[in-house]
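Counting starts at 1 for both ligands and their atoms, following the listed order.
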Amino acid sequence: MVARRNTADYGYPTPDIDVLMQKALEVTRRLTELYGASAWSQKDPMSMLVDILLSHRTRDEQTAAAWGNLLKQFGSWEGVRDAPTSEVEKAIANVNWPEVKAPRIQAIMRQITEERGDLNLNFLCELPVAEAAAWLNRFEGVGPKTTACVLLFSCQLPLLPVDVHVHRVSGRLGLIGKKVTADNAHALLQALLPNDARAIYDFHKALLRHGQRVCVYEHPRCGKCVLTDMCDYYRTIVK
Ligand code: SF4
């Protein structure tokens, strides 16, 4: 027998988009009040790209240490690009999968140099969002999350990154359906937000922090949460 597919699971859990938009704004407002607004990053797009490529499944402190090690040891991104891969791997040994990340970062750097003549990605900040996203998204290992992180954090272009925390918290709150993948959540969640980099950044940071501190993967701390009255998951556990 073929299981009946609930289409709401694969998109928005309610057809009323206005309600979801209001909910996304209110979630951002409450969590930003709780955790405070985040300052913009000072990293240029190339530096941010390296940071995000290092950060996959790795804690923030370890990512920051590995990023710093690269510049300390090789002096510049050009130095990282031209270094023996085994040396780069050693410099980032504290992140997860250095043996994958080292050759991948160098391959992307070489491809960028071939196309652009150098490792300066500042030109992306001057492009229309869709064009900048399409340019970055072509590289092996650069998906929608990495692309959005670079363009939002460094260029302040309005593109929402959906990481594991944003994905999990959005799903529990009922901003997206239960079976929406993180990749598909980018467009669905962004459509609920104003087309404004600061508003998108605040939403991303608010859900990220909440996912790290309260709405954690195992056993969310609902007793300490300021969103219980708007949370679909909470409603299912207090029935
Ligand atoms: S009520 Fe619980 S599940 Fe809902 S957002 Fe808060 S911590 Fe997460």
List the closest protein heavy-atom neighbour of [atom]: residue, atom name, distance to the nearest 0.1 Å.
atom                    : answer
atom 3 (S) of ligand 1  : Y233 CD2, 3.3 Å
atom 4 (Fe) of ligand 1 : C231 SG, 2.3 Å
atom 2 (Fe) of ligand 1 : C222 SG, 2.3 Å
atom 6 (Fe) of ligand 1 : C225 SG, 2.3 Å

Atom 2 (Fe) of ligand 1 to nearest N/O/S of C215 less than 2.8 Å
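Looking at C215, which is the residue asked about, there is no N, O or S atom under 2.8 Å from atom 2 (Fe) of ligand 1.
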Separation of SG atoms, C155 and C125, below 2.5 Å
yes
- Is K90 salt-bridged to E87, cutoff N-O under 4.0 Å?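 Yes, this pair counts.
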> Should the pair E33-R29 be classified as a salt bridge under the 4.0 Å nitrogen-to-oxygen rule?
Replying inline: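 Salt bridge flag = yes for R29 with E33.
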Within 4.0 Å of some non-hydrogen atom of R172, the atoms of ligand 1 are 3 (S)
Take the angle between the ring planes of F153 and Y201 and call it parallel below 30°, perpendicular above 60°, tilted in between.
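Perpendicular: the ring planes of F153 and Y201 meet at over 60°.
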* Asked: L188 and side-chain contact (heavy atoms from CB on, under 4.5 Å): which partner among L160, V180, V162?
  ->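 For L188, the side-chain contact (heavy atoms from CB on, under 4.5 Å) check succeeds only for V180.
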